[in-house]
**Q** 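I am attaching a structure below and will ask some questions about it afterwards.
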Amino acid sequence: MPGPSPGLHRALLGLWAALGLGLFGLSVVAQEPFWADLQPRVALVERGGSLWLNCSTNCPRPERGGLETSLRRNGTQRGLRWLARQLVDIREPETQPVCFFRCARRTLQARGLIRTFQRPDRVELVPLPAWQPVGENFTLSCRVPGAGPRGSLTLTLLRGARELIRRSFSGEPPRARGAVLTATVLARREDHGANFSCRAELDLRPHGLGLFENSSAPRELRTFALPPEPPRLAAPRLLEVGSEGPVSCAMDGLFPASEAEVYLALGDQRLSPDVTLEGDALMATATATASAEQEGARQLVCNVTLGGESRETQENVTVYSFPEPLLTLSEPNAHEGKMVTVTCAAGTRALVTLDGIPAAVPGQPAQLQLNATENDDRRGFFCDATLEVDGETLRKNESAELRVLYAPRLDDSDCPRSWTWPEGPEQTLRCEARGNPEPSVHCARPDGGAVLALGLLGPVTRALAGTYHCTATNVQGQAVKDVTLTVEYAPALDSVGCPERITWLEGTEASLSCVAHGVPPPNVNCVRSGEARVVEGTLRVVREHAGTYRCEATNARGSAAKNVAVTVEYGPSFEEVSCPSNWTWVEGSGQLFSCEVDGKPEPSVECVGSGGTSEGALLPLAPPDPGPRAPQIPRELAPGTYICNATNQHGSVVKMVTVSAESPPQMDESTCPSHQTWLEGADAAALACSARGRPSPQVLCSREGAPRPQRLRVSRQDAGIYRCLATNAHGTDARIVTVGVEYRPVVAELAASPPGGVRPGGNFTLTCRAEAWPPAQISWRAPPGALNIGLSSNNSTLSVAGAMGSHGGEYECAATNAHGRHTRRITRPHPAGPWLWVAVSGAAGGAALLAAGAGLAFYVQSTACKKGEYNVQEAESSGEAVCLNGAGAGAGGGGGAEGATEAAGTAEAPAGGEVFAIQLTSA
């Protein structure tokens, strides 16, 4: 019988080999059934902490055993087959202890892994610059020394509560410790006063521990903007010794303007300017006083310092001395006929002029002489002095009056010879005389009777009738004239002699006197209403004297009576009940501070802030008596200490009032504009919204509807309606903000109509459509010499009537708005002449078979071209239509797609631009 096959031999050999290996494995297991174990095998311990390790074996009688490690040990516990040891002050990032036992002449081992971690106890933000220019970059650097393992660390740089950059160090080696995070930030105005900080997070939660966090101390950034231009300095070019001149120094574009320091000096004299701020503008004003020591050319300097940088402007000021001219009269009061000399003199360098007559040379006086007459009385003389200083003529003058002494003159124009007046109306008796010194005029009856009260307004009575002898007298002589007066009158009490209202001041002495006009002189008695005693003599005024008195004047011709109201006035005084020393005001409560003061006349009360935010502020007061016109309720009130001053014409008194003020939130267009615009692609920013109120409100803004996703750049999807809510202890205020997103222009479509060939004399149009916000302005560039071109109202369509050869070439459409510019071009070939069309027609029949064979290939290629984006070439050219939309190939591809976007001064030629070419054919 045949022997076994080779395949069977190979199978049997494999079986025996497997059985042999199995028996060998069983013998090995029987020889090594023991093991060593270490618990825990892997441990994570805080740096400096401690850990118990348990080393054990299943060997029944181990010869010896132990735990190998470089760490410090604190205590050990043993058993027959186990060993427990405490490891303390574990500081190494990573160590591998080894548990071993000697059993049956073999060594059993178990290896463990101990790693340490350290909390981020120290988080340090590198100090920021003292001042950082706006528009320049500064570096934020955060250090967390020793914390680890680094692979579990995450560092975050923050501006306030907003994260600027966040970095995780996952993937770092287990032994790595500590981390540094650095970022470059562009300084902005809104960063002034902002706090920057760093937050460190050690996440050991995957290892069964917690999340350890710590933050650095915040560091405040101060930004500033100081324009390169020097300040504007305004001052007088000339300044006289002993005089004062205004000096002003202005500068715009400062931020923060309140931090700017101004230095003003005239020569060695430093000025003390008053600085006022308005937005980013600064105005410093001062008064410069010139002294004799500064006479001559001096330098006026204005220096503005902000953020450690300075800008300075200098101007020249000339200090000069120019005394007042001296005008003297040899006889200021000259007798008539006396010779008078008038002299005009000034300083050594001044030229004087006396009544228009100049002196011979500068420094000499000017003189004139005259014989004094009556007409020279009160004649004025004018002395003018001029001085040349630094190319400018200065002028000063002095005047004097000459008095001529002469005897009185009584003219009929000033003192009529007869008067005739009716009884009753009030008249003024006048009889005036000329003379120097001024004459005194006395009119009396020749028999020594009545004397006329000249120059007084009074009623005309019959007692004044008669002839009066009027005499005008001065030291130079006298003049006499007779005057006849015919009048009648009855007794009367007028307001001049007996006023209806009399005011007395408390504490003074007064008497109630009523003078009646009448002849013979009336007898006047005054009695207080309700009393019978006549008031006589001098009284010490008290408030009880106020009241109504009945005064009656009586003479032989009749009587007259009138009521006189006496008012007693006194100074003001405060009472705590009517004007408290402490008051709290809440905005919107409608309250006004009530401060009533006793005094007559009623005192005016004004409360002005003293110190702090209330400095110079007025405290609105409630009126003492409610009237039809309610006082204006204040919208804002500065808290602080106010000084209330009550004043009337008899004195004043002050009182200190402490006012505290709070208000609910309030937002308006100035603090939270209702329409805000962002630019697509710019850094994402928060809404510019804040609120007024005390205490300071918190403002939170959220978009209506779908929330705004977090992104680093502004996109068009960010546009929408946002609702901002301001909240403090006194309430809330909401405001709706509409956010619009603007973007740069893009020429989305440039098309020709008709899309095919145009014969000479034919018409065609080019249409350009752009996408942009705000809407783009469309402009065109046509080939040189192209005529008869028309544009639509918005420039979007260019039309040509009667195409000629000059209309062939490149047309460019440009779309422009405030954010950039984008162009696209279209090429129109020059129109073919009539002879070319004859050649084309002759060749058409010969090319028919060739065209039929190439038709299929042309169709396949034409499907890759967009409508209107092809070039029909001349008959003598290659004869094939070439796709020019950026993907085409062939001979016509070099005609080129051209497009450009221009923004921020940079022109780019993007790939995939488009050129459209259309053949003009002849008729």
**Q** With a 4.0 Å cut-off on N to O distance, would you call Glu662 and Arg694 a salt bridge?
**A**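 Judged by the 4.0 Å cut-off on N to carboxylate O distance, Glu662 and Arg694 do not form a salt bridge.
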
**Q** Is there a donor-acceptor pair closer than 3.5 Å between any side-chain N or O of Arg311 and the backbone N or O of Pro227?
**A** yes

**Q** Are the gamma sulfurs of Cys689 and Cys701 separated by less than 2.5 Å?
**A** no

**Q** Under a 3.5 Å distance rule, please check whether Thr671 uses its side chain to pair with a backbone N or O of Ala691 as donor and acceptor.
**A**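 Not at all, since once roles are kept as given, no pair shorter than 3.5 Å links the two residues.
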
**Q** If we ignore hydrogens and angles and just use 3.5 Å, is the side chain of Asp37 paired with the main-chain N or O of Ser56 as donor and acceptor?
**A**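 The answer is no, because no donor-acceptor pair under 3.5 Å joins these two groups.
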
**Q** Could you tell me whether a side-chain N or O of Arg703 sits under 3.5 Å from a main-chain N or O of Gly720, the two making a donor and an acceptor?
**A** no

**Q** Do Asp683 and Arg188 meet the salt-bridge criterion of a basic N to acidic O distance under 4.0 Å?
**A** no

**Q** Salt bridge check: are Glu201 and Arg166 linked by an N-O gap of less than 4.0 Å?
**A**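 A salt bridge links Glu201 with Arg166.
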
**Q** Per the side chain to side chain contact (heavy atoms under 4.5 Å, CB included) rule, which among Leu51, Leu44, Val42 passes with Ile114?
**A**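 Only match with Ile114 under side chain to side chain contact (heavy atoms under 4.5 Å, CB included): Leu51.
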
**Q** Should Asp733 and Arg735 be marked as a side chain to side chain contact (heavy atoms under 4.5 Å, CB included) after you check the CA-CA gap, both sets of side-chain angles, and the distance that decides it?
**A** CA-CA 7 Å; Asp733 189 17; Arg735 189 166 178 84; over 6 Å; no

**Q** Quick check on Glu261: does its CD atom have over 12 non-hydrogen neighbours (other residues, nucleotides or ligands) under 6.0 Å away?
**A**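 No, the 6.0 Å shell around CD holds no more than 12 heavy atoms from other groups.
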
**Q** Assert yes or no for the condition that the ring centre distance of Phe212 to Phe117 is strictly below 6.0 Å.
**A** yes

**Q** Enter the distance from Thr732:OG1 to Met667:CE here, rounded to the nearest 0.5 Å.
**A** 9.0 Å

**Q** Once you find the SG atom in Cys59 and the one in Cys103, is the distance between them below 2.5 Å?
**A**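 Correct, these two cysteines form a disulfide.
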
**Q** Please walk me through it: do Cys142 and Cys198 pass disulfide bond (SG atoms under 2.5 Å apart)?
**A** CA-CA 6 Å; Cys142 175; Cys198 176; 2.0 Å; yes

**Q** Please confirm whether the backbone N or O of Pro174 pairs with a side-chain atom of Arg177, one donor and one acceptor, at under 3.5 Å?
**A**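 Yes, because the side chain of Arg177 sits within donor-acceptor range (under 3.5 Å) of the backbone of Pro174.
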
**Q** Please answer whether the main-chain N or O of Ala200 pairs with a side-chain N or O of Asn214 as donor and acceptor at a distance below 3.5 Å.
**A** no

**Q** State whether the side chain of Arg150 and the backbone N or O of Gly178 hold a donor-acceptor pair below 3.5 Å, judged by distance alone.
**A**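 Here the side-chain-to-backbone pair exists.
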
